[in-house]
Protein chains: 2
Amino acid sequence: MSALSKRRLRTWIRLLRLTRSVEADLRDYLRTAHDTTLPRFDVMAALYRQHGDVTMSELSRMLLVSNGNATAVVDRLEKDGFARRTPAPGDRRTVHVALTDAGTVAFQSMATGHEERLDGLLEHLTEADLDSLRDILRRALPDADPSHTPAHAVADKEPT
Amino acid sequence: MSALSKRRLRTWIRLLRLTRSVEADLRDYLRTAHDTTLPRFDVMAALYRQHGDVTMSELSRMLLVSNGNATAVVDRLEKDGFARRTPAPGDRRTVHVALTDAGTVAFQSMATGHEERLDGLLEHLTEADLDSLRDILRRALPDADPSHTPAHAVADKEPT
DNA sequence: ACTTTAAATTTCAAGCTTAAAATGAATCGG
DNA sequence: CCGATTCATTTTAAGCTTGAAATTTAAAGT
């Protein structure tokens with residue numbers, strides 16, 4: 001196996017190390033400060049962004065999780081009063097999922113803390129680093145489907 | 001919230017998108033080609049690297065997973081005959097975990113396929129990209145503890 | 001109308017993961 | 001030696017996640 005392939009493996013391990021430790025910190029923040037979890041937050045973020053009328057299929061595609069998984073997390077959010085399912089008019093197979101008012105309020109507070117926390121975790125990344133990363137990640141995932149945006153996505157409509 | 005903080009959030013989302021889709025592909029490969037899972041592979045990779053005498057605590061630190069999680073995955077590997085627990089001489093609290101011969105053989109074949117697969121997934125990353133990424137990821141995780149190497153780590157003793 | 005095919009969602013079993021509590025063992029200060 | 005603390009691991013309960021099978025509905029094709 002080529003030296004380049006070994007370097008790719010090393011880089012992949014580094015990438016995993018970063019995402020896992022950042023996720024561990026965010027998970028901890030969400031648990032202690034908001035008594036919630038990362039998967040719940042991800043779903044709420046996706047619902048908040050689209051504000052309303054997201055189908056279960058869209059949800060699982062956005063978050064890159066299985067359809068059964070989306071069902072389970074939405075079930076729990078619904079039980080907590082943070083999300084609501086409504087039958088889609090016109091197609092009885094489809095349901096529309098949305099945040100409730102309580103869910104929206106709860107999410108906004110979570111999102112602020114989440115962004116602050118993340119900002120601290122990535123404080124050593126400069127504008128130049130973010131530029132490079134954007135280019136590199138684009139190159140790594142050339143077939144990126146915008147509907148695959150995996151959660152957290154609270155921010156930004158600004159030009160990339 | 002600052003524009004920089006919003007950019008950090010966007011970058012984080014991109015990073016997650018990449019790691020999730022790469023993980024999904026590797027998971028699929030391991031399942032179809034080797035009838036195993038990513039967590040099992042990660043544990044086997046850690047054991048293979050150290051070849052022998054890894055404690056449960058070291059394992060969970062290396063993989064950035066909880067101690068209870070390490071227990072569960074090692075339990076299953078042991079049941080499959082791929083890993084072995086032996087009491088540590090001198091300290092009756094501690095156990096040493098190692099791959100069995102069968103585990104070693106199985107792992108080597110998985111690791112080859114895993115590296116090839118990953119090489120394909122990251123084929124668009126050039127040497128220059130890998131250089132940049134190494135520097136950026138180092139900056140992002142300045143307190144990186146080398147014992148936190150999260151799995152997969154099969155390759156490489158070469159200089160970083 | 002009827003069969004087939006595809007689509008959206010849920011259900012299910014198995015496994016993964018975490019945080020917290022429990023167990024058992026070593027260590028340390030008195 | 002003793003009590004307290006710390007350490008290594010396992011256990012437990014709850015929740016997460018997947019892939020596959022099952023349901024239900026819609027859309028075609030005949």
Side-chain angles (χ1 to χ4, degrees), chain A residues 16 19-21 23-33 35-44 53-80 82-83 85-97 150-151, chain B residues 16 19-21 23-33 35-44 53-80 82-83 85-97 150-151:
Chain A
L16 272 185
T19 58
R20 287 189 191 182
S21 71
E23 279 191 330
D25 191 287
L26 294 176
R27 181 191 328 281
D28 196 61
Y29 164 73
L30 289 173
R31 180 173 47 78
T32 58
D35 191 30
T36 190
T37 65
L38 214 33
R40 276 167 154 92
F41 178 79
D42 285 353
V43 168
M44 294 177 80
D53 288 11
V54 183
T55 71
M56 294 302 291
S57 306
E58 285 166 354
L59 202 48
S60 64
R61 272 196 304 274
M62 285 192 283
L63 304 179
L64 294 182
V65 300
S66 68
N67 41 10
N69 186 3
T71 295
V73 177
V74 169
D75 282 352
R76 281 182 285 264
L77 286 177
E78 212 171 15
K79 191 157 47 183
D80 293 348
F82 287 162
R85 265 184 258 236
T86 51
D91 189 336
R92 276 180 300 175
R93 294 171 301 179
T94 307
V95 298
H96 284 169
V97 190
Chain B
L16 272 185
T19 58
R20 287 190 191 183
S21 73
E23 278 191 331
D25 190 288
L26 293 176
R27 182 194 326 284
D28 196 61
Y29 164 71
L30 289 173
R31 180 173 47 79
T32 58
D35 191 32
T36 191
T37 66
L38 214 33
R40 277 168 153 91
F41 179 78
D42 285 353
V43 168
M44 292 178 81
D53 289 11
V54 183
T55 71
M56 294 303 290
S57 306
E58 285 166 354
L59 202 49
S60 63
R61 273 196 304 274
M62 284 192 284
L63 303 179
L64 294 182
V65 299
S66 67
N67 41 10
N69 185 1
T71 295
V73 177
V74 170
D75 281 352
R76 282 182 284 265
L77 286 177
E78 211 171 15
K79 191 157 47 182
D80 292 349
F82 287 161
R85 265 185 258 236
T86 50
D91 189 335
R92 276 179 299 174
R93 294 171 302 178
T94 308
V95 298
H96 284 169
V97 191

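Proteins come first, then strands; the chains are lettered A, B, ... in the order of their sequence lines, and each starts at number 1. Only this structure's heavy atoms are used, side chains among them; waters, hydrogens and symmetry mates stay out.
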Rounded to whole Å, the CG-P distance (B:L59 to D:dT9) equals 9 Å
Does A:R93 make a side-chain donor-acceptor contact with the base of D:dA26, cut-off 3.5 Å? no
Between CG of B:N67 and C1' of D:dC7 the distance, given in whole Å, is 11 Å
A:N69 CG to D:dT18 P, in whole Å, measures 5 Å
A:M56 has its side chain closest, among C:dT9, D:dT17, D:dT10, to C:dT9
When rounded to whole Å, the CD to C1' distance for the pair A:E23 and C:dT17 reads 12 Å
Of A:G90 and B:R31, the one whose nearest nucleotide on DNA chain D sits closer to the 5' end is B:R31
| task | Before giving the answer on side-chain contact (heavy atoms from CB on, under 4.5 Å), spell out for B:V54 and B:H96 the whole-Å C-alpha distance, their side-chain angles and the decisive distance to 0.1 Å. | result | CA-CA 5 Å; B:V54 183; B:H96 284 169; over 6 Å; no
Check: A:L30 and A:R40 side chains under 4.5 Å, non-hydrogen atoms: no
Whichever of B:V73 and A:G68 has the more 5' nearest nucleotide on DNA chain C, that residue is A:G68
Report yes if at least one side-chain N or O of A:R92 is closer than 4.0 Å to OP1 or OP2 of D:dA26; otherwise report no.
yes
Would you say a side-chain N or O of A:R85 is under 4.0 Å from OP1 or OP2 of C:dT10? yes
Whole-Å distance, B:L26 CG to D:dG19 P, equals 13 Å
The residue, B:T94 or A:T37, whose nearest nucleotide of DNA chain D is more 5′ is B:T94
Rounded to whole Å, the CZ-P distance (A:R40 to C:dT17) equals 19 Å
Closest of C:dT17, C:dT9, D:dG15 to the B:S66 side chain is C:dT17
task: For residues A:V97 and A:M56, determine if any side-chain heavy atom of one lies less than 4.5 Å from a side-chain heavy atom of the other.
output: yes
Side-chain contact check for B:V65: nearest option of C:dT18, C:dA25, D:dT9 is C:dT18
Here the distance between atom P of C:dT11 and atom CG of A:D75, to the nearest Å, is 7 Å
| said: Does any part of the side chain of A:R20, heavy atoms only, come nearer than 4.5 Å to the side chain of B:T19, both counted from C-beta? | reply: no
Classify B:S57 by what it touches in the nucleic acid, base, sugar-phosphate, or nothing, heavy-atom distance under 4.0 Å. sugar-phosphate
Item to complete: Output yes when at least one side-chain N/O atom of A:T55 is less than 4.0 Å from OP1 or OP2 of C:dT9, else no.
Response: yes
- Task: Mind checking B:T71 for me? I need base, sugar-phosphate or nothing, with any heavy atom below 4.0 Å counting as a touch.
- Result: base
d(B:R61 CZ, B:L63 CG) to nearest 0.5 Å is 11.0 Å
note: A:D91, atom CG; C:dA7, atom P; distance rounded to Å ~ 12 Å
